[in-house]
Amino acid sequence: MDHEYIGQLLGFTLAHSASVVDTLTADQAMVPYAITFQNEEQSLINFEAETQQQAVAQAEQQLTQLSETADAWTYSQEGVISDESQQMSVLYFKVWLKGMNVALEAYQTYRKAPFKLLGNIQVQNFNETGMQQAETDAFVAGLNQGVDIHPSAASHWDNWCSEE
C-alpha cells in the first residue's frame, strides 16, 4: 500500500477544501464533493442537494459504488464535532485506494471567520485501513506534498495555519 500517495490525496483534499471554505460567507456551506482517480484521469463530483444531510447521503451511496470502479477516491464535507465544552467546525475527509480495508477517515478543525485551520489534521482509523504505523513518516510527507501541489491553497497555507 502506498502510504505516501494516500497522504498526498488527503493533503490535496484538505488544501482544496480549505481554499473553498475560505471563500464562503458565514451562512454558506461547502458542497460535499469527491475526487475520483481512474488510470491517469481525475474527476470532480459535487453532491448538491436541498439540504446538507441529503447531499451527504447521496455521497455515501456513490462512494460505495466508486470503490468498485475507481483506482482511488477522496471525499470532503463540512461538519461539527463536540467535546465536553463546545462544538467545533470540522472539515471531514475520507480517502480510499485499492487495497485498503476501509477508507481512511480524518478531520481538520477550523474557524470560519476569519478562516483559520486549528491544530493538526486528526486521522481516526489509521490501523483499520490496513496502513502500517512504520510508514507514518511517508504518509506525513505525502500529506505535506499534497498541500504543496494544490494550485491556490499552497500560497495561503502559512496564513491559514498561523497562530494568532
Side-chain angles (χ1 to χ4, degrees), residues 1-22 24 29-49 52-81 88-110 115 117-154 156-157 160-161:
M1 189 172 314
D2 190 340
H3 291 66
E4 186 173 344
Y5 182 56
I6 294 166
Q8 287 173 353
L9 294 174
L10 179 58
F12 185 84
T13 306
L14 167 60
H16 184 70
S17 297
S19 69
V20 170
V21 174
D22 183 45
L24 300 176
M30 179 181 73
V31 173
Y33 70 90
I35 303 171
T36 64
F37 303 85
Q38 183 66 38
N39 299 318
E40 298 297 317
E41 294 188 29
Q42 297 178 47
S43 298
L44 176 68
I45 304 168
N46 288 311
F47 299 102
E48 295 185 55
Q52 190 78 347
Q53 291 83 4
Q54 290 171 337
V56 169
Q58 286 176 12
E60 288 296 327
Q61 183 178 24
Q62 192 152 357
L63 293 176
T64 300
Q65 295 169 351
L66 289 174
S67 297
E68 297 172 9
T69 59
D71 295 329
W73 54 259
T74 66
Y75 170 74
S76 181
Q77 72 179 64
E78 284 186 278
V80 176
I81 60 171
M88 297 172 285
S89 296
V90 297
L91 296 169
Y92 173 73
F93 309 100
K94 289 186 177 185
V95 177
W96 178 85
L97 181 68
K98 278 187 182 173
M100 293 178 76
N101 297 334
V102 295
L104 180 83
E105 296 183 37
Y107 67 90
Q108 172 68 57
T109 57
Y110 73 95
F115 181 75
L117 297 172
L118 306 173
N120 294 317
I121 195 164
Q122 301 296 308
V123 176
Q124 298 176 286
N125 64 338
F126 192 88
N127 293 332
E128 291 86 350
T129 65
M131 297 172 70
Q132 302 299 312
Q133 287 293 329
E135 298 294 328
T136 301
D137 289 345
F139 172 77
V140 172
L143 184 72
N144 292 327
Q145 291 167 7
V147 169
D148 289 343
I149 62 174
H150 190 276
S152 62
H156 298 284
W157 199 253
W160 288 342
C161 295

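Side-chain contact between Ile35 and Phe12 is present, with heavy atoms from C-beta onward closer than 4.5 Å. The shortest side-chain heavy-atom distance between Val123 and Phe93 does not fall under the 4.5 Å cut-off. The side-chain heavy atoms of Leu10 and Thr74, taken from C-beta on, include no pair separated by under 4.5 Å. Annotation: side chain of Met30 is in contact with side chain of Leu91 (closest heavy-atom distance under 4.5 Å). Asn101 has its side chain out of reach of Glu128: every pair of non-hydrogen atoms, C-beta onward, lies at least 4.5 Å apart. Residues Ser76 and His16 are not in side-chain contact: their nearest non-hydrogen atoms beyond the backbone lie 4.5 Å or more apart.
With hydrogens and angles ignored, the 3.5 Å screen pairs no side-chain donor or acceptor of Gln8 with any backbone N or O of Gly142. Side chain of Glu4 to backbone of Glu135: no donor-acceptor contact under 3.5 angstrom is found.
With Tyr92 as the partner, the side-chain hydrogen bond (donor to acceptor under 3.5 Å, both in side chains) test is satisfied by one option alone out of Glu105, Gln77, Glu78: Glu105.
We find the CG-CG distance between Leu9 and Leu14 to be 12.5 Å, quoted to the nearest 0.5 Å. Here the CD atom belonging to Gln38 is positioned 14.5 Å from the CH2 atom belonging to Trp73, to the nearest 0.5 angstrom. The distance from the OG1 atom of Thr136 to the CZ atom of Phe126 is 4.0 Å, given to the nearest 0.5 Å. Between Met100 atom CE and Asn125 atom CG the span is 7.5 Å, to the nearest 0.5 Å. Taking CH2 of Trp160 as the start and CG of Asp22 as the end, the distance is 5.0 Å to the nearest 0.5 Å. Of the inter-residue distances, the one linking His3 atom NE2 with Leu97 atom CG reads 10.5 Å to the nearest 0.5 angstrom.
Here the two rings, on Phe115 and His156, have centers that are 6.0 Å apart or farther.
Nearest heavy atom pair, residue Ala15 against residue His150, reads CB-CB, 3.7 Å. Between Gln108 and Gly119, the shortest heavy-atom contact is NE2-O, 3.3 Å. Here the shortest heavy-atom pairing between Trp96 and Ser67 reads CH2-O, 3.2 Å. Taking every heavy atom of both residues into account, Lys98 and Ala70 meet most closely at CE-O, 3.3 Å.
No more than 12 heavy atoms of other residues, nucleotides or ligands shown are found within 6.0 angstrom of CG on Asn120.
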- [ ] Assess whether side-chain contact (heavy atoms from CB on, under 4.5 Å) is satisfied between Leu66 and Ile45, documenting all intermediate values.
- [x] CA-CA 11 Å; Leu66 289 174; Ile45 304 168; 4.2 Å; yes
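Ser17 and Tyr33 share a donor-acceptor pair across their side chains, judged by distance under 3.5 Å alone.
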